[in-house]
Amino acid sequence: MSAPDLVVQDVAAGYGARKVLRGLSLPPVPGAQVTALVGPNGAGKTTLLRAIAGLVPASGTIRFGTQDLLTASAQQRAGVMAFMPQFMPQRMSLSVLEAVISALRASPPSTATWSNDGFRDASLAVLARLGIVDLALSAFDQLSGGQRQLASLAQALVRRPKLLLLDEPTSALDLRHQLQVMQIVREVAAQGTTVIAVLHDLQAAARWADNVVVMKDGALYASGAASDAITSTMLREVYGLDGIVERTSTGELHIGGYALKA
Ligand SMILES: Nc1ncnc2c1ncn2[C@@H]1O[C@H](COP(=O)(O)OP(=O)(O)OP(=O)(O)O)[C@@H](O)[C@H]1O
């Protein structure tokens with residue numbers, strides 16, 4: 001069965017009196033694909049992910065297939081999705097392996113019967129997939145920023161979510177790990193997970209995402225294939241930048257030559 005689309009319609013969300021999203025509607029976010037969420041600082045990208053994850057009060061419609069995520073219980077949501085936040089907790093007195101096992105125990109996929117060894121093996125397998133099995137016994141709160149980001153991604157992936165929300169998943173990673181993580185994100189989508197990833201690197205969004213959603217001031221500015229959503233007009237109107245967007249001879253989108261708008 002193919003993964004369902006995510007429907008976001010007329011969503012309002014914010015923080016107390018501060019309304020960040022005011023009636024945001026997106027075209028259906030396609031199932032089993034990677035959708036990049038881009039836009040300038042403060043555009044509301046994290047707020048949208050938090051609204052989908054049930055972490056800020058929201059109204060409107062947020063539906064994943066037939067499941068209404070706005071009325072779902074925390075347990076129901078945890079059974080469907082995983083959210084990797086932009087900032088990891090500073091204090092966590094667990095080893096990396098314990099942290100991943102505890103994320104898995106909190107919401108184990110129902111596709112298996114779980115034993116203690118099963119939790120441990122599945123967690124070690126994800127650490128191995130991310131190339132950080134050597135960190136398994138390290139204290140989570142003594143990791144470097146990039147290591148912490150990989151460990152946090154392991155906590156999200158280990159639950160094999162149907163909907164994976166990633167907030168700047170590669171912002172602290174070196175080039176090799178950026179590549180590795182984005183390849184894994186694509187594999188996860190190919191295996192049936194619907195992925196939404198906030199990315200600041202437009203070149204990475206063009207390379208890795210099936211669809212790009214551009215947000216500005218809490219609203220949708222554009223969405224579609226990278227070549228439709230990422231344009232020089234968008235750079236000017238959304239980021240206040242002059243830039244060049246062109247197709248290379250191999251058909252890839254190249255975005256560069258940025259300069260502050262004159
Ligand atoms: N906890 C909060 N309380 C009040 N306002 C908040 C809170 N978190 C975010 N905001 C405000 O909401 C707006 C949108 O923030 P959000 O984090 O969603 O943006 P973003 O697009 O993810 O930005 P960035 O790219 O900088 O991470 C900003 O103006 C921000 O100041």
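Just follow the structure's listing: the first ligand is 1, and inside any ligand the first atom is 1.
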Task: Val38-Val181 co-clustered via ILVMFWY side chain contacts under 4.5 Å - done: no

- [ ] Please determine which of Ile52, Val34, Leu166 meets the side-chain contact (heavy atoms from CB on, under 4.5 Å) test together with Ile196.
- [x] Ile52

TODO: Please examine the side chains of Gln33 and Asp5, heavy atoms only from C-beta on, and report whether any two atoms are closer than 4.5 Å.
DONE: no

- [ ] Taking the side chain as every heavy atom from C-beta outward, state whether Ser227 and Arg247 have any pair of such atoms under 4.5 Å apart.
- [x] yes

Task: Close side-chain approach of Thr61 and Val11, heavy atoms under 4.5 Å - done: no

Task: Side-chain heavy atoms of Thr170 within contact of His177, under 4.5 Å - done: no

Open item on the list: Tell me which residues fall inside the under-4.0 Å heavy-atom shell around ligand 1.
Closed with: Tyr15, Arg18, Val20, Pro40, Asn41, Gly42, Ala43, Gly44, Lys45, Thr46, Thr47, Arg50, Gln86, Glu168, His200

